[in-house]
Amino acid sequence: MPPRILAYSATAGFRHDSIEASIEALKAKESALDVKFDFTEDKSKFTDENLSQYDAILFLNNSGIVLDDTGKVALQNYFNLGGNFLAIHCAASALRDTPFFGRQIGAFFEYHPEIQESAVDVLDKTHPSTVMLPDKWRLLDEMYNFESDPRAIGAKVLLTADESSYQDPQAKEKTLRHGSPHPIAWYQERGAGVESHGIAGRSWFTGLGHCIEIWSDDLFLGHVMGGIKWVLQSKTTKAFNANGNVGNAS
């Protein structure tokens with residue numbers, strides 16, 4: 001059986017019009033990835049029993065408080081059992097009332113300048129989510145600023161925003177707290193949202209993914225697919241570990 005991923009795109013605030021395009025793009029990559037996606041916006045799917053069948057959970061451009069207390073407990077339990085996590089773009093603006101989620105994602109979104117052509121620098125060319133990228137990647141997207149530095153909780157930064165490549169008038173008025181160089185994508189070998197007694201799976205986040213058009217861009221899709229492949233190789237779930245506590249057993 002292929003690894004199984006729950007892709008959750010519920011919103012309780014701003015809704016990106018690229019969500020539908022992202023779902024179709026990911027569906028089209030199921031065979032290439034050898035995974036099975038289940039797409040939902042139903043928060044009632046977040047129970048211990050239901051989450052136990054997934055090798056990873058993907059938060060896809062969510063916003064606002066998209067889980068109730070029952071769902072939050074189930075998500076924490078899933079992380080404690082070695083479940084893997086991916087998050088894309090506006091997912092960093094979800095569940096701000098949930099500290100463990102903030103740690104698992106790495107940092108919450110603060111604000112972004114107007115969408116414009118920008119450049120990102122690749123810090124690590126060896127990671128599966130960056131090997132296909134040019135050293136300086138130019139694209140049309142939002143360059144997110146974050147409320148904290150993901151490196152403070154152990155994240156390893158993959159991509160940084162080249163702040164000289166775009167205009168951000170608000171930056172002069174703010175104390176930016178995400179550190180330097182400006183992180184835009186990162187990973188955690190051991191997700192920091194797990195409790196001390198838990199078994200930590202992997203976590204991967206990209207701040208890119210705003211536009212409809214980017215979801216048909218081969219470089220961006222390679223970036224996302226590489227992140228998916230990497231988290232699944234944690235060997236903390238049943239797809240690649242017969243002793244895993246969660247996941248789609250082979």
Heavy-atom side-chain contact between T206 and I184 under 4.5 Å:
no
Take D55 and R4 through the test salt bridge (charged side-chain N to carboxylate O under 4.0 Å, His left out) and record every step on the way to the result.
CA-CA 5 Å; D55 295 280; R4 197 168 181 183; over 6 Å; no
Check ion pair D17-R15 (N to O, under 4.0 angstrom)
no
If you take all heavy atoms of V194 and Q104, which pair is closest and at what distance?
N-OE1, 3.8 Å
Smallest heavy-atom separation, F37 atom then E30 atom, equals N-OE2, 2.8 Å
Between K238 and V246, is there a side-chain heavy-atom distance shorter than 4.5 Å?
no
Is it true that the NZ or CZ of R151 lies under 6.0 Å from the centre of W186's six-membered ring and within 45 degrees of the ring axis?
no
Any side-chain heavy-atom pair from I199 and L81 closer than 4.5 angstrom?
no
Say you draw a straight line from CG of L26 to CH2 of W215; how long is it, rounded to the nearest 0.5 Å?
5.0 Å
Heavy-atom nearest pair, A107 first then A92, reads O-CB, 3.8 Å
Looking at R202 and E189, is any side-chain nitrogen of the basic one under 4.0 Å from a carboxylate oxygen of the acidic one?
yes
Any side-chain heavy atom of W137 sitting closer than 4.5 Å to one from L219?
yes
Of all heavy-atom pairs between S203 and G191, which one has the smallest distance, and what is that distance?
CB-CA, 4.3 Å
Could you walk me through whether E41 and S9 pass the side-chain hydrogen bond (donor to acceptor under 3.5 Å, both in side chains) check?
CA-CA 5 Å; E41 297 197 355; S9 56; 2.8 Å; yes
Rounded to the nearest 0.5 angstrom, the CG-CG distance for L75 and D48 is 10.5 Å
The side chain to side chain donor-acceptor pair (under 3.5 Å) partner of Y54 among D38, N84, N248, T237 is D38
Rounded to the nearest 0.5 Å, what's the gap from CD1 on I88 to CD1 on I19? Could you check?
11.0 Å
Look at the rings of F14 and H210 and say which category their plane angle falls in: under 30° parallel, 30 to 60° tilted, over 60° perpendicular.
parallel
Considering non-hydrogen atoms only, spot the tightest contact between L159 and V157 and give its length.
O-CG1, 3.3 Å
Mind listing the closest non-hydrogen atom pair of H89 and D141 along with its distance?
CE1-OD1, 4.1 Å
Can you check side-chain hydrogen bond (donor to acceptor under 3.5 Å, both in side chains) on E110 and H178, steps first, answer last?
CA-CA 9 Å; E110 183 177 8; H178 51 228; 5.8 Å; no
Applying the side chain to side chain contact (heavy atoms under 4.5 Å, CB included) test to K136, which of V120, D121, V122 qualifies?
D121
Relative to each other, are the rings of H127 and W230 parallel, tilted or perpendicular (30° and 60° limits)?
tilted
Would you say F100 and F79 make side-chain contact, with heavy atoms under 4.5 Å?
yes
Looking only at atom types and distance, does a side-chain atom of R96 sit under 3.5 Å from a main-chain N or O of F109, one as donor and one as acceptor?
yes
Spatial distance of atom CD1 (I57) from atom OH (Y8) [nearest 0.5 Å]
10.5 Å
Just wondering, do L6 and T40 contact through their side chains at under 4.5 Å, heavy atoms?
yes
Would you check if L221 and V224 make a side-chain contact, meaning some heavy-atom pair closer than 4.5 Å?
no
Worked check of ring pair (Phe, Tyr, Trp, His ring centres under 6.0 Å) between F59 and F101:
CA-CA 11 Å; F59 269 59; F101 182 83; 5.1 Å; yes
